[in-house]
Asks: 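Sending over a structure as structure tokens; questions will come in a sec.
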Amino acid sequence: MSFTVTTPIYYVNGAPHLGHAYTTIAADVLARHHRRCGEDVFFLTGTDEHGEPVALAAEKQGMTPQALADQNAERFKALAPQLDASNDFFIRTTDEQHKLGVQQVLQTVKDNGFVELGRYEGWYCPRCADFKSENEVEDGDRCPIHHIVLTRESEENWFFKLSAFQERLEALYAEQPDFVLPVQRRNEALAFIQGGLQDVSLSRGAKLQWGVQVPWDPEHVFYVWFDALLNYYTALAYAKPGEDLTERFWPATFHIVGKDILKFHCVFWPAILMAAGLPVPQHVLVHGYLLMNDEKMSKSLGNVLDPFTIIERFGVDPLRFYLLRDVQFGGDGEVSAEAFEQRYESELANDLGNLASRVSAMVVKYRDGAVPAVGAFDLTEDFDGLADAVAAHLDRGELTQALEAIWVRVRRLNRYVEEQAPWKLAKDEALQEQLDVALATLIEGLRTVMVLLAPYLPATSATLLEALGAPDDSWAAAAFGTGGVTQVAKVAPLFPKHDATPA
RNA sequence: GGCUGGGUAGCUCAGCUGGUUAGAGCGCACGACUCAUAAUCGUGAGGUCGGGGGUUCGAGUCCCCCCCCAGCUACCA
């Protein structure tokens, strides 16, 4: 069974920020989950490097577009390891193989009769040598970059016959109700489709353009969105030297995208694939914006929160945890340094970290570190079905709910400690058997919880499971009662507290 | 304007096909305990479930109207 998950490819006309990190982390959680379930996983991320903004930025800096792309792509490439993201490949749309793949697929689209010549009309800036969309045009019909008055012009373009796919897309949405998740986004995309589809331009005049050449018309390059979308498919042909992974991993299981690019992924993308005779993805999972002071976290606004500061002070796991915990995945959510520290302190340090400390300390104190072998654990009813519930949530793209389900058990374990009060049991000779069960149950609960958290907190999970001498974090090990821990030492604080105030 | 979501305790939010005193987490107050990273556990505050009307034996939970917020209503990536 194969599982393919992608992030959008990040546009190199800017620096990596929290928004990029968010998407990559979400994709990584799914990738890690499925990988440890024993599935054949392919996790793709990369950079989008063509298009006018990159060309213009390069020009401004006196560089070639390729040089600028090379420079910025490195920064995005470095992002993944910093997030502990386990991507299998990093695609760049300037890769020769990608360009060939784009040309090949879109040639097929043309051969299949879904491309035709048309005229694109719009506001044209002679300085940019390109058209501006209605909503980016400044008051007085001026260019947002050069502030000169735009002219109304038209250009001969190759068009993709999107209108021919209205019925097929509607059928797709009917047959695959979970094609777009969550459901609000599906409604939005479907409404767009049902509102009637127009053909869209597939190419742009090549004069000053930076893109993939149209094979049947070298004077044009493909409109950057089609070039970009195709990355999900083209990467498979060359991600692994000497092997074409396309058969193995196409179609994708999840494309994770931000809500700003919903239309491209939920409408244009499946239509292009249909036009090319290729299978469409199983799901497009749409997430919302991270808000800071009620503003969208975006490269177009200056209010970026640097994730690297958090990583430096706390490590990556807390960042991964925080973003998926505090913001309901799919919706918009407020993020702040204060909220981060609050979560870190009360949930990571106090709930989970302290649980590991107190449980391991008790086993050491009352049983010299030997985990009692018992006939049956307590709490089996509390953990019954947990792993399946987590998996079910993840299959629906409900990353926050899955995490919540696990956290309910973390709290349950702390409550169980109070209910059992091992320190009292330890004083009574007659209650030694009960103490054994309590300690064994706590260790097993801790182990289970850490296995389930592995996709979210990979480093911490590995550290603790290693310390417990039960490093197996496979799906089989996620079942409560699997056991395997026989000896423990006092565990060092998993999430040490930081006295200083926020950075 | 139309469409899609949403408006529930100070804060962030759960509440499926309508049914006992409307829930969780955080924060706050008080209490308990001592294994633990001064962590944890318990209790409480008494919220007109956006407003109004209706259906029903009974409605955050269904219907109608209104108010407010967000997004979408096509070619910036």
Side-chain angles (χ1 to χ4, degrees), chain A residues 8-14 48-54 120 122 130-137 144-145 157 159-160 162 182-202 204 223-228 259-264 267-268 288-289 291 294 296 298-300 325-328 330-334 339 342-343 345-366 400-401 404 407-408 411 413-426 438-439 442 490-498:
Chain A
I9 45 177
Y10 303 126
Y11 202 57
V12 291
N13 187 33
D48 180 11
E49 309 186 5
H50 292 303
E52 178 198 313
V54 166
Y120 175 77
D130 195 30
F131 289 90
K132 300 295 165 185
S133 69
E134 290 293 343
N135 39 13
E136 68 176 330
V137 170
I145 297 166
N157 271 188
F159 273 69
F160 169 53
L162 181 64
V183 68
Q184 306 90 282
R185 298 301 171 196
R186 180 195 114 95
N187 292 343
E188 190 177 313
L190 185 56
F192 180 86
I193 293 166
Q194 291 172 332
L197 296 176
Q198 303 166 19
D199 295 341
V200 292
S201 57
L202 181 66
R204 289 289 159 84
Y223 175 42
V224 66
W225 257 108
F226 291 98
D227 161 15
K259 66 181 185 181
D260 51 334
I261 52 178
L262 173 142
K263 194 184 358 176
F264 298 101
V267 183
F268 293 14
Y289 291 144
L291 307 171
D294 281 329
K296 174 192 164 192
S298 146
K299 59 191 170 191
S300 61
R325 176 86 172 132
D326 216 31
V327 178
Q328 183 69 32
D332 292 352
E334 284 286 333
Q342 177 58 47
R343 287 281 183 189
E345 172 109 359
S346 80
E347 298 194 330
L348 290 178
N350 296 350
D351 287 351
L352 181 60
N354 183 57
L355 176 68
S357 294
R358 68 196 306 209
V359 167
S360 63
M362 286 189 283
V363 176
V364 168
K365 184 160 183 171
Y366 303 132
T400 307
Q401 283 98 318
E404 168 64 14
W407 219 257
V408 166
R411 294 204 193 91
L413 289 168
N414 274 318
R415 216 179 323 130
Y416 179 74
V417 173
E418 303 298 325
E419 288 167 5
Q420 295 299 309
W423 48 93
K424 286 182 186 165
L425 300 178
L439 293 176
L442 285 167
K490 173 84 167 74
V491 173
L494 258 28
F495 301 99
K497 297 215 176 167
H498 295 54

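Numbers restart at 1 for each chain; the letters A, B, ... are given by sequence-line order, proteins then strands.
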Asks: A:N187 has a side chain; which of B:G5, B:C33, B:C75 sits nearest to it?
Replies: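 Side chain of A:N187 sits closest to B:G5.
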
Asks: Evaluate the side-chain proximity of A:R358 to A:N414: yes if any heavy-atom separation is below 4.5 Å, no if none is.
Replies: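 With C-beta onward as the side chain, the pair touches.
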
Asks: Looking at B:G71, B:C35, B:G25, which one has an atom nearest to any side-chain atom of A:R185?
Replies: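 Nearest to the side chain of A:R185 among the choices is B:G71.
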
Asks: When you compare B:G15 with B:G53, how far apart are their C1' atoms, in angstrom units rounded to a whole number?
Replies: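 Nearest-Å result for B:G15 against B:G53 at atom C1': 25 Å.
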
Asks: Expressed in whole Å, how much space separates the C1' atoms belonging to B:U21 and B:G46?
Replies: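 Straight-line distance between the two C1' atoms is 11 Å.
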
Asks: Taking donor-acceptor contacts at under 3.5 Å, does the side chain of A:N350 reach the base of B:A39?
Replies: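 Side chain to base: no pair below 3.5 Å.
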
Asks: For nucleotides B:U61 and B:G18, find the distance between their P atoms and express it as a whole number of Å.
Replies: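 Approximately 12 Å lies between the P atom of B:U61 and that of B:G18.
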
Asks: Would you indicate what A:G196 reaches in the nucleic acid, counting non-hydrogen atoms under 4.0 angstrom: base, sugar-phosphate, or nothing?
Replies: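 If one applies the 4.0 Å heavy-atom cut-off, A:G196 turns out to touch a base.
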
Asks: Can you identify which nucleotide, out of B:C35, B:A74, B:A39, has its nearest atom closest to the A:K365 side chain?
Replies: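 Of the candidates, B:C35 comes closest.
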
Asks: Quote, to the nearest angstrom, the P distance that separates B:G10 from B:A45.
Replies: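 13 Å, rounded to whole Å.
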
Asks: Measure from the side-chain heavy atoms of A:D48 and tell me the nearest of B:A74, B:U37, B:A77.
Replies: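 Comparing B:A74, B:U37, B:A77 against the side chain of A:D48, the answer is B:A77.
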
Asks: Counting side-chain heavy atoms from C-beta on, which of B:U37, B:C35, B:A77 comes nearest to A:P493?
Replies: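 Nearest to the side chain of A:P493 among the choices is B:U37.
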
Asks: Please assess A:Q342 against A:E347 for the test side-chain hydrogen bond (donor to acceptor under 3.5 Å, both in side chains), listing each intermediate value before the final yes or no.
Replies: CA-CA 8 Å; A:Q342 177 58 47; A:E347 298 194 330; over 6 Å; no

Asks: For the C1' atoms, the ones on B:U12 and on B:C16, what distance do you get once it is rounded to whole angstrom?
Replies: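 The answer is 22 Å between these two C1' atoms.
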
Asks: Using a 4.0 Å heavy-atom cut-off across all strands, classify A:L355 as base, sugar-phosphate, or nothing.
Replies: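 Nothing: the residue A:L355, judged by heavy atoms under 4.0 Å, touches no strand.
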
Asks: Rounded to whole Å, how long is the line connecting atom CG of A:D227 with atom P of B:A77?
Replies: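 Result: 11 Å.
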
Asks: With a 3.5 angstrom cut-off on both distances, give the Watson-Crick or G-U wobble partner of B:A24, or none if there isn't one.
Replies: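 Because both required distances fall under 3.5 Å, B:A24 counts as paired with B:U12.
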
Asks: Where the side chain of A:Y223 is defined as all heavy atoms beyond and including C-beta, which of B:G27, B:A77, B:U37 is the nearest nucleotide?
Replies: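 Side chain of A:Y223 sits closest to B:A77.
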
Asks: Would you indicate which nucleotide in B:C41, B:A39, B:U40 comes nearest to any side-chain atom of A:R415?
Replies: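 Side chain of A:R415 sits closest to B:C41.
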
Asks: Which of these nucleotides, B:U37, B:C72, B:A74, is closest to any side-chain atom of A:E188?
Replies: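 Within the option list, the nearest is B:C72.
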
Asks: Please report the closest heavy-atom contact between A:N157 and A:S201, naming both atoms and the distance.
Replies: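 Reported closest heavy-atom pair: OD1-CB, 3.3 Å.
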
Asks: Heavy-atom distance under 4.5 Å between the side chains of A:L197 and A:F268, does that happen here?
Replies: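 Not touching, per the 4.5 Å side-chain cut-off.
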
Asks: Round to the nearest Å and state the distance from A:F159 atom CZ to B:A74 atom P.
Replies: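 To the nearest whole Å, that distance equals 15 Å.
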
Asks: State the pairing partner of B:G42; accept Watson-Crick or G-U wobble contacts with both distances under 3.5 Å, and report none otherwise.
Replies: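 Checking every strand shown, B:G42 finds its partner in B:C30, with both distances under 3.5 Å.
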
Asks: Determine whether a donor-acceptor pair (one donor, one acceptor, N or O, separation below 3.5 Å) exists between the side chain of A:S346 and the base of B:C26.
Replies: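 Absent.
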
Asks: Just to be sure I understand the rule, does A:R343 reach a base, reach only the sugar-phosphate, or reach nothing, if contact means heavy atoms closer than 4.0 Å?
Replies: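 A:R343: no heavy atom of the nucleic acid under 4.0 Å.
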
Asks: Check the pair A:R185, A:E188 against salt bridge (Lys or Arg N to Asp or Glu O under 4.0 Å), reporting the backbone distance first and the verdict last.
Replies: CA-CA 5 Å; A:R185 298 301 171 196; A:E188 190 177 313; 3.1 Å; yes

Asks: Sticking with atom P, work out how far B:U43 lies from B:A24, rounded to a whole angstrom.
Replies: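 It comes out at 9 Å once rounded to the nearest Å.
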
Asks: Any side-chain heavy atom of A:E404 within less than 4.5 Å of one from A:T400?
Replies: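 Counting from C-beta outward, A:E404 and A:T400 never come under 4.5 Å.
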
Asks: What's the closest nucleotide to the side chain of A:S357 if the choices are B:A74, B:U40, B:U37?
Replies: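 Out of B:A74, B:U40, B:U37, the nucleotide with an atom closest to A:S357's side chain is B:U37.
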
Asks: What is the base-pairing partner of B:G71, counting Watson-Crick and G-U wobble geometry with both distances under 3.5 Å?
Replies: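 Paired with B:C3.
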
Asks: Across the strands shown, which category fits A:W407 at heavy-atom distances under 4.0 angstrom: base, sugar-phosphate, nothing?
Replies: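 Here A:W407 touches no strand at all.
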
Asks: Syn or anti for B:G60, taking syn as within 90° of 0?
Replies: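 Syn for B:G60; the angle stays within 90° of 0.
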
